[in-house]
There are 2 protein chains.
Amino acid sequence: MTYEFDDFDKAILRTLQKDASLSMDDLSERVHLSRNACWRRVKQLEQSGVVRGRVALIDARKVGMPLTAFVLIRTDQHDSAWNQNFQKALSGLPEVQSAHRMTGDLDYVLRVRLADIADYDRFYQRLVSKISISDISASFVMDDLIDTTEVPIL
Amino acid sequence: MTYEFDDFDKAILRTLQKDASLSMDDLSERVHLSRNACWRRVKQLEQSGVVRGRVALIDARKVGMPLTAFVLIRTDQHDSAWNQNFQKALSGLPEVQSAHRMTGDLDYVLRVRLADIADYDRFYQRLVSKISISDISASFVMDDLIDTTEVPIL
DNA sequence: GGTGAAAGACATCCCAC
DNA sequence: GTGGGATGTCTTTCACC
């Protein structure tokens with residue numbers, strides 16, 4: 001379900017997804033609304049689930065996880081049992097930041113946070129010990145040009 | 001640079017990257033620290049940049065951007081001028097949530113947020129009008145098994 | 001949509017231990 | 001590290017235009 005947002009709602013969303021540490025006063029000033037009107041809209045956006053939550057973003061390098069890998073996975077078992085087993089296997093692997101079932105000839109893509117290449121091998125061993133995968137390959141991030149959680153709000 | 005964290009710091013980071021809307025009182029209770037000690041650590045983690053910031057996460061479906069695409073890009077111009085032009089081209093495309101230069105035979109991976117497949121075509125046209133790309137292909141997300149901003153803190 | 005006011009919660013920063 | 005406490009700010013909810 002999609003909602004209809006006016007320019008105030010959009011401005012609030014755009015601002016909060018860049019910086020959720022703003023006080024209501026600051027936020028209301030930036031979006032050109034009174035504090036009360038702004039507060040009412042923020043609460044409504046939170047209650048309706050448009051704002052899924054607020055989180056702290058952590059510098060992965062500073063906590064010893066500088067390496068990002070994209071792991072491309074193919075399976076030869078295209079049934080829901082395999083998918084469920086796969087999901088269960090992933091839930092025990094905190095390094096996995098995202099896991100998507102895809103269109104096209106690659107079946108799944110994972111984004112994985114790691115300490116180093118040796119850490120990838122440990123991750124790989126743990127994953128393949130949990131579930132049978134017909135084809136798996138990894139590619140590592142050398143450089144981030146862009147990396148944001150922001151959703152485009154047009 | 002990597003820091004040394006004790007179990008309290010780790011608990012704070014793990015908690016805040018799940019939910020940054022907690023009050024200091026709630027946070028300190030969860031990590032089993034006094035309010036004061038907890039407050040000092042949070043401030044220090046913010047000041048040192050381990051906590052990069054706090055953001056609101058927005059439900060992309062509810063703002064009309066339900067489709068995620070991974071765009072795989074190859075270039076035949078492996079020089080820094082192309083990389084800079086590419087970065088400049090991307091900065092004008094708010095749909096791009098992340099863009100990484102990769103190891104291996106695919107040169108760049110983009111994660112792009114879109115309204116629908118027709119929107120991808122518009123995105124594609126705008127991108128190739130800005131920069132020459134020797135090979136580009138897209139794969140679309142059918143299903144998210146996992147999608148989090150959390151960094152594993154071990 | 002806007003104002004202002006008021007109660008309480010919360011963050012902030014002391015201090016002493 | 002802990003706790004108490006003073007201070008001011010921010011949130012939240014009113015009633016009302």
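Residue numbers begin at 1 in each chain, while the letters A, B, ... track the order of the sequences.
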Could you tell me from which nucleotide to which nucleotide of DNA chain C, 5' to 3', there is an atom under 4.0 Å from chain A heavy atoms? C:dG1 to C:dG4
Surrounding CZ of A:R14 (heavy atoms of other residues, nucleotides or ligands, distance under 6.0 Å), is the total greater than 12? yes
I'd like to know if B:R35 pairs up with B:E29 as an ion pair, taking the criterion as any Lys NZ or Arg NE/NH1/NH2 lying under 4.0 Å from an Asp or Glu carboxylate oxygen. no
Side chain of B:S34 (C-beta onward), nearest among D:dG3, D:dT12, D:dG1: D:dG3
Counting N and O atoms only, with roles assigned by atom type, does the side chain of A:D9 sit under 3.5 Å from a partner on the main chain of A:F5, one being a donor and the other an acceptor? no
What is the separation between atom CG on B:D25 and atom P on D:dT11, rounded to the nearest whole Å? 16 Å
Could you pull out all residues at least two apart from B:L67 that satisfy side-chain contact (heavy atoms from CB on, under 4.5 Å)? B:L114, B:I117, B:F140
Among residues 5-22 of chain B, which residues get a heavy atom nearer than 4.0 Å to DNA chain D? none
Classify the ring geometry between B:Y120 and B:Y124 as parallel (under 30°), tilted (30 to 60°) or perpendicular (over 60°). tilted
More than 12 heavy atoms of other groups within 6.0 Å of B:Q125 CD: yes
Under a 4.0 Å N-O cut-off, is there an ion pair linking B:R41 with B:E46? no
B:M24 has an atom CE; how far is it from atom C1' of D:dG8, in whole Å? 17 Å
Nearest whole angstrom, please: distance from the P of D:dT9 to the CG of A:D26. 13 Å
Between D:dT12 (P) and A:E46 (CD): distance, integer Å: 8 Å
Value in whole Å for how far the C1' atom of D:dC14 lies from CZ of A:R40: 11 Å
Got a sec, which pairs hit side chain to side chain donor-acceptor pair (under 3.5 Å) with one end in residues 136-147 of chain B, sequence neighbours left out? A:H100-B:D144, B:R111-B:D147
Could you list the protein-to-nucleotides 4-6 of chain D atom pairs, N/O on both sides, closer than 3.5 Å?
{"residue": "D:dG4", "atom": "O6", "partner": "B:N36", "partner atom": "ND2", "Å": "2.4"}

More than 12 heavy atoms of other groups within 6.0 Å of A:D6 CG: yes
In this structure, how many angstroms lie between the P atom of D:dT11 and the CH2 atom of A:W39, rounded? 11 Å
Output, in order, the C-alpha distance, side-chain angles, deciding distance and verdict of side chain to side chain contact (heavy atoms under 4.5 Å, CB included) for A:L106 and B:F70. CA-CA 11 Å; A:L106 46 96; B:F70 282 92; over 6 Å; no
Going by side-chain contact (heavy atoms from CB on, under 4.5 Å), name the residues that satisfy it together with B:E150, two or more places apart in sequence or in a different chain. B:Q17, B:K18, B:T148
